[in-house]
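Below is one structure; the comments refer to it alone.
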Amino acid sequence: MTGRIDKISIWPRSGGDSGNRSQISVAGPSAGQIAKRIPLGDEMSTKGTGYIAGGAIAGDGSIRLVFGNQLCALSPDGAVLWHRRLADYVVHEDSDESLEDENLEGSDEEDDREQRFFHSLPCIIDTANTLVTMPNTALIFDAQGEVVAQTDIMLPDDSGPAPNYDLFGIPLLTNMDGSVYAWEQDGLKELGRFGYDVVPVAMFDDNSFAVAGYSHTGLCRVRRDGSLVWQSDLEDADCLPTISHSQQVAVGSLNDELSMLFAPDGQTIGTYHKPAVFAAYLDEGWIALSKDALARLTSTGQILWQHHITSEMRWGSYQPIVDSSGSIFVVDGSQVVCFQPDGHVHFRFDVGAVPGPLFPIREGMFGCVVGEHLIFVV
């Protein structure tokens with residue numbers, strides 16, 4: 001369960017790398033059109049509702065996709081290699097709380113709770129293995145779709161983004177009780193408790209990590225042994241943290257209705273007036289995505305431009321993506337939009353329904369799930 005692939009795969013996990021920077025080293029789509037639609041129904045459709053649909057790219061360029069309650073592998077051109085029904089691996093014992101959904105109480109779907117479950121977006125481990133978390137369990141599938149590791153974890157994070165890994169490829173898991181765990185060869189090791197509803201961490205270059213310790217430690221920097229490096233004043237940080245190449249940190253707080261930027265030593269260096277998820281920009285500034293706006297910020301939070309959009313922010317599953325030229329790609333309602341570095345729209349087109357989060361497939365091509373189709377955007 002070791003081996004980083006940040007330099008091998010274009011997109012091993014949501015956020016793009018272990019710093020959650022959401023940058024890619026190649027150009028993104030330029031034409032603004034759908035090149036291909038791949039049906040995901042029929043053999044891959046099953047009863048039940050997955051939490052989010054999206055993909056990651058293995059070291060050989062093949063695609064790992066979660067859709068409905070399936071994990072599937074596809075060739076770089078979209079041919080289905082294998083698929084697994086994730087609901088078959090859910091740990092049901094003592095899992096009632098993690099399967100509860102307040103929105104289902106008293107509804108016609110209340111009796112179908114056992115058919116409903118959440119799962120994370122996929123994370124590539126060891127260039128070809130795929131890590132996914134689900135209610136009370138985390139699994140690693142090998143390149144042929146066989147389970148090679150599984151661990152029980154109570155109330156794993158259900159926000160959607162893929163789990164992270166440290167600089168040695170060791171998976172780092174978070175849960176709704178506020179703990180961060182390292183999944184080592186001999187099992188889970190708790191690194192500390194930081195609040196609750198803790199989303200995936202972001203890694204610094206020295207193998208410490210930033211964790212949004214909602215309603216406890218707040219946004220803080222933690223050594224790999226679990227000890228604190230620093231603790232910020234943002235006690236209710238609850239969105240996915242992002243670390244730039246210069247080791248600055250950006251994080252949003254839905255509770256405080258703002259976002260804050262921090263220096264590597266934890267000093268506050270800027271504030272943005274909306275809770276947002278971020279991509280690190282090429283000039284060490286930021287791209288901030290909130291529920292109603294996309295903005296380009298300087299490293300200290302000055303707004304260079306801002307546009308109104310309708311965003312599925314989802315704590316970080318729908319990060320903006322920055323390509324090698326500085327173009328920015330986002331989902332705006334049912335549209336895929338590409339913004340130029342100066343904020344002008346390069347293309348905008350409708351895909352017919354709100355898609356899952358965008359993910360790069362290869363140079364010049366992104367993917368996203370729309371309804372029961374995977375579409376290739378060029």
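The basis for the numbers below is simple: all heavy atoms, side chains too, and nothing from hydrogens, waters or symmetry mates.
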Grab the two heavy atoms, one from Phe349 and one from Gly32, that are nearest each other, plus how far apart they are. CD2-O, 3.4 Å
Can you list the steps and then say if Asp177 with Arg193 is a side chain to side chain contact (heavy atoms under 4.5 Å, CB included)? CA-CA 8 Å; Asp177 277 348; Arg193 298 188 68 178; 3.6 Å; yes
Close side-chain approach of Arg85 to Asn69, heavy-atom, < 4.5 Å: yes
Indicate yes or no for a side-chain donor-acceptor contact from Asn129 to the backbone of Ile140 under 3.5 Å, with no hydrogens or angles considered. no
Assess whether atom CD of Glu235 is packed by more than 12 heavy atoms of other residues, nucleotides or ligands within 6.0 Å. no
Are Leu297 and Leu258 connected in a single hydrophobic cluster, I mean Ile/Leu/Val/Met/Phe/Trp/Tyr linked by side-chain heavy atoms less than 4.5 Å apart? no
Check whether Gln319 reaches the backbone of Ala279 with its side chain - one donor and one acceptor, N or O, closer than 3.5 Å. no
Could you walk me through whether Ile124 and Trp11 pass side chain to side chain contact (heavy atoms under 4.5 Å, CB included), step by step? CA-CA 9 Å; Ile124 305 299; Trp11 195 256; over 6 Å; no
Quick check against the 3.5 Å criterion: does Glu372 have a side-chain atom that pairs as donor or acceptor with the backbone of Pro39? no
Does a donor on one side chain and an acceptor on the other come within less than 3.5 Å for Tyr272 and Gln306? yes
Between Thr174 and Val180, which heavy-atom pair has the shortest distance, and what is it? CG2-CG2, 3.9 Å
State yes or no: are the ring centers of Phe204 and Phe209 separated by less than 6.0 Å? no
Decide whether Ile269 and Leu234 are clustered together by the hydrophobic rule: side chain heavy atoms of Ile, Leu, Val, Met, Phe, Trp, Tyr closer than 4.5 Å, transitively. no
With a 3.5 Å distance limit and no angle check, can you tell me whether Ser9 reaches the backbone of Ile57 through a side-chain donor-acceptor pair? yes
Going from CG on Asn164 to CG on Asp157, what distance comes out if it is rounded to the nearest 0.5 angstrom? 11.5 Å
Considering only NZ, NE, NH1 and NH2 on the basic side and carboxylate oxygens on the acidic side, decide whether Glu146 and Arg84 come within less than 4.0 Å. yes
Can you tell me if Glu257 has over 12 outside heavy atoms packed within less than 6.0 Å of its CD? no
With the side chain counted from C-beta on, respond yes when Glu363 and Ile24 share a heavy-atom pair under 4.5 Å apart, and no when they do not. no
In short, Ser290 meets Pro275 closest at the heavy-atom pair CB-O, 3.2 Å
Hydrogens and angles aside, do Glu190 and Ser179 bring a side-chain donor and acceptor to less than 3.5 Å of each other? yes
By the definition salt bridge (charged side-chain N to carboxylate O under 4.0 Å, His left out), identify the one residue from Arg223, Lys189, Arg224 that meets it with Asp166. Arg224
Any side-chain heavy-atom pair from Phe262 and Gln248 closer than 4.5 angstrom? no
Are any of the side-chain heavy atoms of Asp323 and Val26 separated by less than 4.5 Å? no
Under the criterion side chain to side chain contact (heavy atoms under 4.5 Å, CB included), I'd like the reasoning laid out for Val377 against Met365: C-alpha separation, chi angles, the key distance, then a yes or no. CA-CA 6 Å; Val377 177; Met365 179 179 288; over 6 Å; no
Joint hydrophobic cluster, Leu240 plus Met260, side-chain heavy atoms closer than 4.5 Å: no
Glu284 side chain to Ser299 side chain, donor-acceptor N/O pair below 3.5 angstrom: no
Just by distance, do the side chain of Ser311 and the backbone of Met313 share a donor-acceptor pair under 3.5 Å? yes
Under 4.0 Å between a side-chain nitrogen and a carboxylate oxygen: does that hold for Asp77 and Arg362? yes
Under a single-linkage definition using a 4.5 Å side-chain heavy-atom cutoff for Ile, Leu, Val, Met, Phe, Trp and Tyr, are Phe347 and Trp305 assigned to the same hydrophobic cluster? no
Flag the pair Phe376 / Ile361 as yes when at least one side-chain heavy-atom distance between them is below 4.5 Å, and no otherwise. yes
Among Trp315, Phe194, Tyr196, which residue satisfies the ring pair (Phe, Tyr, Trp, His ring centres under 6.0 Å) criterion with Tyr214? Tyr196
Calculate, to the nearest 0.5 Å, the distance between atoms NE2 and OG1 belonging to His119 and Thr137 respectively. 14.0 Å
Inter-residue atom distance Arg314.CZ - Lys291.NZ, 0.5 Å rounding: 11.5 Å
Taking Arg13 for its side chain and Ala162 for its backbone only, find out whether a donor-acceptor pair lies under 3.5 Å. yes
Note: Asn136 and Pro156 closest approach over all heavy atoms is N-CD, 3.3 Å
Output the distance between atom CG (Leu374) and atom CD1 (Ile63), rounded to the nearest 0.5 Å. 6.0 Å
Take atom NZ of Lys36 as the centre, draw a 6.0 Å sphere, and report whether it contains more than 12 heavy atoms from other residues, nucleotides or ligands. yes
If you count heavy atoms of other groups shown closer than 6.0 angstrom to CG of Asp233, is the number above 12? no
Is there a path of hydrophobic side-chain contacts, each under 4.5 Å between heavy atoms of I, L, V, M, F, W or Y residues, that connects Val132 with Val80? yes
Taking every non-hydrogen atom, the tightest pair across Ala202 and Pro241: CB-O, 3.5 Å
Distance-only, no hydrogens or angles: does the His83 side chain make a donor-acceptor pair with backbone N or O of Ala73 under 3.5 Å? no
Passing candidate, side chain to side chain contact (heavy atoms under 4.5 Å, CB included) with Pro200, options Ser159, Ser18, Cys123, Ser14: Ser159
Is it the case that the side chains of Asp206 and Ser208 hold a donor-acceptor pair, with the cut-off being a distance below 3.5 Å and no angle test? yes
Are side-chain heavy atoms of Val351 and Ile375 found at a separation under 4.5 Å? yes
For Asp292, all residues meeting salt bridge (charged side-chain N to carboxylate O under 4.0 Å, His left out), sequence neighbours excluded: Lys274
Sub-4.5 Å side-chain heavy-atom contact between Phe141 and Leu71: yes
4.5 Å side-chain heavy-atom contact, Tyr281 and Trp286: no
Please check this pair: side chain of Ser232 against backbone of Leu219, looking for a donor-acceptor N/O pair closer than 3.5 Å. yes
Within the side chain of Asn20, is there an N or O that forms a donor-acceptor pair under 3.5 Å with the backbone of Thr242? no
Write down the atom of Leu261, the atom of Thr300, and the distance for their closest heavy-atom approach. CD1-C, 3.7 Å
Any donor-acceptor N/O pair, Ser22 side chain to Pro320 backbone, under 3.5 Å: yes
Quick one: side chains of residues 326-341, donor-acceptor pairs under 3.5 Å with protein atoms, not counting sequence neighbours, listed by atom name and distance.
unit_1: Ser327; atom_1: OG; unit_2: Ser325; atom_2: OG; d: 3.3
unit_1: Asp332; atom_1: OD1; unit_2: Thr310; atom_2: N; d: 2.7
unit_1: Asp332; atom_1: OD2; unit_2: Arg348; atom_2: NH1; d: 2.9
unit_1: Ser334; atom_1: OG; unit_2: Asp350; atom_2: OD1; d: 3.4
unit_1: Ser334; atom_1: OG; unit_2: Asp350; atom_2: OD2; d: 2.7
unit_1: Gln335; atom_1: OE1; unit_2: Arg348; atom_2: NH1; d: 2.8

CD1 of Ile170 to CG of Asn207: how many Å apart, nearest 0.5 Å? 9.5 Å
Criterion side chain to side chain contact (heavy atoms under 4.5 Å, CB included) on Leu40 and Leu65, from CA distance to verdict: CA-CA 10 Å; Leu40 297 175; Leu65 191 75; 3.7 Å; yes
